[in-house]
Amino acid sequence: MELDLTSNAALQVREAIIAACRRMNASGLNQGTSGNISVRQGDGILITPTSLDYDLMRPDDLVWIGFDGTRHGHRRPSSEWQFHFDILKARPDLNAVVHAHPTACTTLSIMEKPIPPIHYMVAVCGGHDIRCAPYATFGTKELSRHAVEALEGRTACLLAHHGMIAAGSSLAQAMWRATEVETLARQYLGCLPTGEPPCLSEEEIENVIQRMAGYGHSD
Ligand code: 13P
């Protein structure tokens with residue numbers, strides 16, 4: 001497929017990514033430039049550049065990386081491009097990946113705690129828990145392997161001592177999911193001072209997943 005870098009449609013995708021980055025900071029989901037966003041585009045991914053203030057980011061600052069390794073763009077891609085690339089390459093069901101360091105998710109990730117089925121909304125991430133991937137240094141292939149594994153059968157995970165990843169079939173869905181996961185993390189943290197909360201069964205979460213078909217951002 002011919003790579004479309006200059007059409008209105010291509011520009012709109014770039015603008016939507018930048019707008020999502022700014023929303024991510026305005027809502028408190030992320031701080032500074034510690035997050036990054038990618039969207040599948042053609043036979044590759046379009047990703048935010050590394051260490052660039054979202055308020056200064058312009059559409060042509062984004063970097064396209066083909067699944068064959070080809071790159072287009074004048075900036076260096078996010079230091080986390082490897083897991084964005086590997087997730088979108090391995091998962092044809094996903095078209096957008098949001099990575100951030102939201103406070104509640106990151107607090108749980110520091111404690112190396114997955115989010116158990118404390119609330120039925122855990123089901124929006126595809127299973128009965130939101131796993132916490134083992135720690136590996138940021139930007140490494142090892143971290144990417146852990147992330148892809150933690151996302152097996154799931155659409156979000158925590159990264160130990162680091163943050164969270166939420167993905168979706170669209171950017172809007174990935175952003176919606178990221179907010180839901182941070183809310184669940186806050187709720188879990190709210191329970192922990194009184195002890196480990198009771199959980200819903202795996203069967204009930206499976207039941208909710210079936211009932212939820214078409215619920216939320218399904219685009
Ligand atoms: P960037 O390299 O995308 O600025 O992000 C840093 C980061 O998220 C490390 O986890």
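The chain is numbered in sequence order, starting from 1. Whatever order the structure lists them in is the order used to number ligands and atoms, beginning at 1. Here the structure is a predicted model, which is why all the values come from computation and not from measurement.
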for atom 5 (O) of ligand 1, nearest protein heavy atom and its distance come out as Asn36 ND2, 3.1 Å
Note the single closest protein heavy atom to atom 9 (C) of ligand 1, along with its residue, its atom name and the distance in Å.
-> Glu80 OE2, 3.4 Å
Can you establish whether the number of heavy atoms outside Arg76 located under 6.0 Å from its atom CZ is more than 12?
-> no
Closest by any non-hydrogen atom to atom 7 (C) of ligand 1: pick that one out of Gly35, Gly163, Ser34.
-> Ser34
Numbered atoms of ligand 1 (with element) below 4.0 Å of [X], judged on heavy atoms:
X	result
Ser78	1 (P), 2 (O), 3 (O)
Ser51	1 (P), 4 (O)
His162	10 (O)
His101	8 (O), 10 (O)
His99	8 (O), 10 (O)

Leu159 and Phe85: same hydrophobic cluster, using ILVMFWY side-chain contacts below 4.5 Å?
-> yes
Report the part of Ser79 in contact with ligand 1, treating N, CA, C, O as backbone and CB onward as side chain, heavy atoms under 4.0 Å; options are side chain, backbone, both, neither.
-> both
Do side-chain atoms of [X] reach the backbone of [Y] as a donor and acceptor pair under 3.5 angstrom?
X	Y	value
Thr48	Asn36	no
Arg23	Leu29	no
Arg131	Glu152	yes

Would you check if the distance from the ring center of His162 to the ring center of His99 is below 6.0 Å?
-> yes
Does ligand 1 have an atom under 4.0 Å from some heavy atom of Thr48?
-> no
Would you give the length of the straight line joining atom CD of Glu112 to atom SG of Cys132, rounded to the nearest 0.5 angstrom?
-> 6.5 Å
